[in-house]
Enquirer: 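My questions will all concern the structure given below.
Heavy atoms only: backbone and side chains are in, while hydrogens, waters and symmetry mates are out.
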Amino acid sequence: MILATTARPTTYAINTSTNTSEHRRHILQILTQCTSISQLKQVHAYTLRTTTFDNTDTLFLYSRILHFASLHDLNYSFQLFSNLENTNSFIWNTLIRACAHSNNRKNEAFLLFYKMVTNVEPDKHTFPFVLKACAYLFALSEGKQAHGFALKLGFDSDVYINNSLIHFYSSCGCLKDARRVFDKMPERSLVSWNVMIDALVQSGEFESALRMFSEMQKIFEPDGYTVQSVLDACASFGALSLGMWVHAYVLRKYESFLDFDLLVNNCLLNMYCKCGSLDIAVQVFERMSKRDLNSWNAMILGFAMHGEVEEAFRCFDEMVIKRVIPDSITFVGILSACNHRGLVDEGRSYFDKMVFEYKIRPVLEHYGCLVDLLARAGRIVEALDVVSNMPMKPDAAIWRSLLDGCCKKNADIELSEEVARKVIESEGSDTSGVYVLLSRVYATANRWDEAGLIRKLMTDKGIKKDPGCSSIEINGVFHEFFAGDTSHLHTREIYKFLDVIEERLKLAGYVPDLSQASMVDELDNGKRRSLKLHSERLAIAYGLLKLKPGIPIRIFKNLRICSDCHNVTKLISKAFDVEIIVRDRVRFHHFRNGSCTCKDYW
DNA sequence: AAAAATAATG
């Protein structure tokens with residue numbers, strides 16, 4: 001009984017049916033000591049017995065009970081709510097907040113809001129809760145209605161509401177509306193800036209995000225969350241030098257980031273991994289005074305994406321020894337490590353370990369790794385077997401992995417066609433890659449008629465291949481190149497240098513490998529020429545021209561590197577005695593002295 | 001009483 005746990009149990013007996021503020025304060029005091037729903041129910045019963053509904057203060061009391069109840073049992077909150085004799089906005093807000101913060105009843109937040117407006121007038125606290133739920137549910141029209149309502153009530157300049165609006169619009173993919181809200185705000189908090197920067201980062205507008213970051217610094221000192229968003233942008237964009245600048249900034253102002261130590265370190269770790277500086281990432285990791293699961297996961301994923309498979313495994317063992325329990329993401333990292341080295345047996349055994357030892361239910365990502373692992377190792381039948389037995393619908397990426405596996409030599413054409421049909425049938429998928437792959441299947445088998453047919457199909461359907469694009473950072477400036485690009489300021493120099501490279505490579509015995517040239521846009525123009533003009537070649541040539549000897553060339557590419565470019569890059573690294581680090585769509589390649597860390601398996 | 005807030009297969 002709750003009374004037994006309080007300091008002065010007798011007080012209650014005397015205090016029965018008093019409506020004094022002291023009595024209410026007392027109940028609030030007991031409430032804060034509640035740890036279970038049964039204790040809470042006792043307080044609730046006691047409150048019902050000893051207080052009468054008379055004013056806002058009583059409602060406040062009930063809202064606290066309601067709030068505490070929602071932490072354990074939202075049904076109970078609803079029940080409590082339905083028994084209230086009258087309500088005010090406070091009570092409604094509490095319930096809406098409870099729904100918005102719940103993990104399974106978020107959709108009711110907006111329904112409650114609907115009901116609320118017919119009973120009482122929402123106040124400025126109502127909207128952040130409603131918008132949070134809308135943001136989570138991508139409920140664009142509902143959120144817009146709430147926005148309209150807020151304007152009608154004259155909350156145009158409320159910082160909290162506007163911040164929520166920015167977040168809501170950006171989560172729903174309406175970056176422009178988010179930006180409009182931000183621009184119109186008469187007053188902005190550090191957080192407003194953080195929300196807007198993060199919105200830009202989440203929408204892939206890295207350059208704008210970074211521009212806004214420098215703008216912000218004229219007004220506010222960045223905090224841990226700013227740094228998080230900015231490092232995230234650096235990681236995605238490959239902006240190593242800015243990332244290092246942020247690192248230096250954090251070290252210089254370390255007192256302001258003391259509370260964010262772990263978060264910032266994890267973000268730095270991730271940033272260095274994704275910007276190709278695995279060695280610095282390892283240093284950050286090793287010097288961390290505190291690590292959490294995320295740190296281990298980021299490190300394992302980092303090793304995996306750099307093809308340091310043994311290190312990834314070692315890291316996994318170490319975390320297990322340190323009694324950090326791996327989660328679903330840890331295994332995504334480990335499986336992708338297996339994937340990058342074609343370690344089918346290890347992959348299978350880690351998958352089983354995950355399911356049986358750690359009782360983690362595999363999700364689409366795990367199946368994606370496994371299918372890709374098998375398909376790339378040429379074990380298409382096994383891969384298909386996994387696909388037909390997995391408990392969820394395969395996504396387009398999984399079908400594409402299968403198809404990709406079919407592109408290997410000795411491809412089974414019938415099987416490939418079957419797979420291709422499935423991909424194209426699977427609605428909503430992005431099909432351009434499928435056509436490219438299928439045409440490659442035919443090309444591999446020298447069935448040029450079909451290959452041509454696919455090509456015609458693509459033209460008819462207006463399907464365009466994603467253009468390959470590579471970027472390189474030189475003195476803090478990013479240079480972007482598309483295949484065959486002639487728009488760069490130093491185009492003439494670059495093309496001249498490409499010839500120099502070619503001459504040198506010929507001396508080293510280079511013969512072009514045309515097998516992966518996609519005929520879709522290259523057959524007519526002569527494959528050889530277009531291979532030479534793949535975007536990464538232009539970027540590498542520019543790097544060789546502009547960077548000082550001894551500085552590694554870092555290239556970011558949006559697609560996977562083709563086998564000919566891979567070969568050429570290896571040769572360049574030897575012929576020009578330079579380290580070249582390429583981040584392609586799926587992983588890093590470190591080229592050094594004529595070989596690559598992917599060991600030619602990618 | 002209030003907003004956002006790591007990392008994830010290809």
Enquirer: Any side-chain N or O of A:His340 below 4.0 angstrom from OP1/OP2 of B:dT9?
Expert: no
Enquirer: Taking atom P of B:dA3 as reference, at what distance in whole Å does atom CG of A:Asn162 sit?
Expert: 15 Å
Enquirer: Side chain of A:Arg97 only, please: which of B:dA2, B:dG10, B:dA3 is the nearest?
Expert: B:dA2
Enquirer: Within the 4.0 Å heavy-atom criterion, would you say A:Asp123 contacts the bases, only the backbone, or no part of the nucleic acid?
Expert: base
Enquirer: Begin with the C-alpha distance, continue with both residues' side-chain angles, and end with the deciding distance and a verdict on side chain to side chain donor-acceptor pair (under 3.5 Å) for A:His247 and A:Tyr272.
Expert: CA-CA 10 Å; A:His247 192 173; A:Tyr272 281 117; 2.7 Å; yes
Enquirer: Counting distance alone, no hydrogens or angles: does the base of B:dA1 have a donor or acceptor under 3.5 Å from a partner atom on the side chain of A:Asn93?
Expert: yes
Enquirer: For the pair made of CG in A:Asp198 and P in B:dA4, what is the distance, rounded to whole Å?
Expert: 11 Å
Enquirer: Do A:Phe213 and A:Trp193 make the cut of ring centroids closer than 6.0 angstrom?
Expert: no
Enquirer: From CE of A:Met305 over to P of B:dA8, roughly how many Å is that when rounded to an integer?
Expert: 7 Å
Enquirer: What integer distance in Å separates A:Met390:CE from B:dT9:P?
Expert: 16 Å
Enquirer: Counting only side-chain heavy atoms from C-beta out, which of B:dT6, B:dA4, B:dA8 sits nearest to A:Val191?
Expert: B:dA4
Enquirer: Please classify the nucleic acid contact of A:Leu301 as base, sugar-phosphate, or nothing, using heavy-atom distances under 4.0 Å.
Expert: sugar-phosphate
Enquirer: Classify A:Arg585 by what it touches in the nucleic acid, base, sugar-phosphate, or nothing, heavy-atom distance under 4.0 Å.
Expert: nothing
Enquirer: Report yes or no: is the ring centroid of A:His167 under 5.5 Å from the six-membered base ring centroid of B:dA3, with the two planes under 30 degrees?
Expert: no
Enquirer: Please list every donor-acceptor pair under 3.5 Å in which a side-chain atom of residues 263-271 of chain A meets a protein atom from a residue at least two apart or in another chain.
Expert:
from, atom 1, to, atom 2, distance (Å)
A:Asn265, ND2, A:Asp261, O, 3.3
A:Asn266, OD1, A:Ser295, OG, 2.8
A:Asn266, ND2, A:Asp292, OD1, 3.2
A:Asn270, OD1, A:Lys274, NZ, 3.4

Enquirer: Are A:Tyr62 and A:Phe81 close enough that their ring centers fall under 6.0 Å?
Expert: no
Enquirer: Do A:Glu215 and A:Arg211 sit within salt-bridge range, that is, some charged N less than 4.0 Å from a carboxylate O?
Expert: no
Enquirer: Could you state the atom-to-atom distance from CZ of A:Arg400 to P of B:dG10 in whole Å?
Expert: 12 Å
Enquirer: Centroid-to-centroid, A:Trp92 to A:Phe113, below 6.0 Å?
Expert: no
Enquirer: Could you please name the option among B:dA4, B:dT9, B:dT6 that lies closest to any side-chain atom of A:Asp395?
Expert: B:dT9
Enquirer: Rounded to the nearest angstrom, tell me the gap between atom CG in A:Asn339 and atom C1' in B:dG10.
Expert: 8 Å
Enquirer: Using only heavy-atom distances, determine whether the side chains of A:Ser470 and A:Ser535 contain a donor-acceptor pair under 3.5 Å.
Expert: yes
Enquirer: For DNA chain B, what residues of residues 262-288 of chain A have any heavy atom nearer than 4.0 Å?
Expert: A:Asn266, A:Asn270, A:Lys274
Enquirer: Give a yes/no verdict on base stacking between B:dA3 and A:Tyr160: centres under 5.5 Å, planes within less than 30° of parallel.
Expert: no
Enquirer: Is the A:Phe556 ring parallel, tilted or perpendicular to the A:Phe588 ring (thresholds 30°, 60°)?
Expert: perpendicular
Enquirer: In this structure, are over 12 heavy atoms from other groups packed under 6.0 Å from A:Arg585 atom CZ?
Expert: no
Enquirer: To the nearest Å, how far apart are A:Arg361 CZ and B:dT9 P?
Expert: 21 Å
Enquirer: For the residue pair A:Phe127 and A:Phe149, categorise the inter-ring angle as parallel (less than 30°), tilted (30 to 60°) or perpendicular (more than 60°).
Expert: tilted
Enquirer: For A:Trp602 and A:His589, I'd like to know if the aromatic rings sit close, meaning centre-to-centre distance below 6.0 Å.
Expert: yes
Enquirer: For a quick check of understanding: with a heavy-atom distance under 4.0 Å over all strands, which category does A:Asp158 fall into, base, sugar-phosphate or nothing?
Expert: base
Enquirer: In whole angstrom, give the distance that lies between atom CD1 of A:Ile300 and atom P of B:dT9.
Expert: 14 Å
Enquirer: Give A:Ser63 one of three labels, base, sugar-phosphate or nothing, depending on what nucleic acid heavy atoms sit under 4.0 Å from its own.
Expert: nothing
Enquirer: Residues of residues 126-139 of chain A with any non-hydrogen atom less than 4.0 angstrom from an atom of DNA chain B: list those, numerically ordered, please.
Expert: A:Pro128, A:Phe129, A:Lys132
Enquirer: If you check every side-chain atom of A:Glu365, which of B:dG10, B:dA1, B:dT9 has the closest atom?
Expert: B:dT9
